[in-house]
Amino acid sequence: FNRIDIEVLSVVATQVKVIQDAIVKHAVPMNREPIYQALPPGTPPVPVGYFDFFGDMIKLIPTTSHYITMNPGYAGRAELPDNLK
């Protein structure tokens, strides 16, 4: 992550946390809106509700994934922010 400003990386980590929290919340059918409570949270990918993503309502498909990779020991590597550890 030596090519990404640490401030930008911290914002991305915050955004990822919001998505993860929405997945956890909507994993319990009773936490969903009534029209989504009977839907399975798996294959095939189906929306299980909406969540607030910094002012935008986003449809949640809980089988989504994201990857953040790094190259440990790379010369010039910046320390990760606490919200990414």
Side-chain angles (χ1 to χ4, degrees):
F1 287 106
N2 60 327
R3 296 183 184 154
I4 300 174
D5 291 335
I6 202 74
E7 294 82 13
V8 173
L9 188 56
S10 183
V11 169
V12 170
T14 302
Q15 293 171 336
V16 167
K17 177 76 167 105
V18 168
I19 296 167
Q20 289 174 328
D21 289 346
I23 290 171
V24 168
K25 176 185 174 192
H26 287 84
V28 177
M30 294 308 294
N31 290 340
R32 303 176 194 163
E33 295 175 37
I35 62 171
Y36 296 106
Q37 288 181 358
L39 297 175
T43 306
V46 294
V48 294
Y50 288 82
F51 70 103
D52 184 354
F53 188 74
F54 302 95
D56 291 323
M57 293 307 288
I58 305 289
K59 185 185 306 183
L60 178 65
I61 300 174
T63 54
T64 188
S65 62
H66 48 270
Y67 302 91
I68 300 173
T69 62
M70 60 182 295
N71 206 0
Y74 185 74
R77 170 118 12 245
E79 194 62 31
L80 288 174
D82 287 338
N83 61 350
L84 270 183
K85 292 183 182 180

Where is the tightest heavy-atom contact between [X] and [Y], given as atom of each residue plus distance?
X	Y	result
Met57	Tyr50	CE-CB, 4.0 Å
Phe51	His26	CB-CE1, 4.4 Å
Pro47	Tyr36	O-CD2, 3.6 Å

Partners of Val24 by side-chain contact (heavy atoms from CB on, under 4.5 Å), sequence neighbours excluded?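 Testing Val24 for side-chain contact (heavy atoms from CB on, under 4.5 Å), a comparison that skips the adjacent residues, returns none.
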
Please identify each residue that fulfils side-chain contact (heavy atoms from CB on, under 4.5 Å) with Ile23, with sequence neighbours left out.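 side-chain contact (heavy atoms from CB on, under 4.5 Å) list for Ile23, sorted by chain: Ile19, Leu60, Pro62, Thr64.
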
Are Asp21 and Lys25 within salt-bridge range, i.e. N to O under 4.0 Å? no

When hydrophobic residues are tied together by side-chain contacts of less than 4.5 Å, even through go-betweens, does Ile61 share a cluster with Val16?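 No, Ile61 and Val16 fall in different hydrophobic clusters.
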
Hydrophobic cluster of Val28, others only, ordered by chain and residue number, side-chain cut-off 4.5 Å: Met30

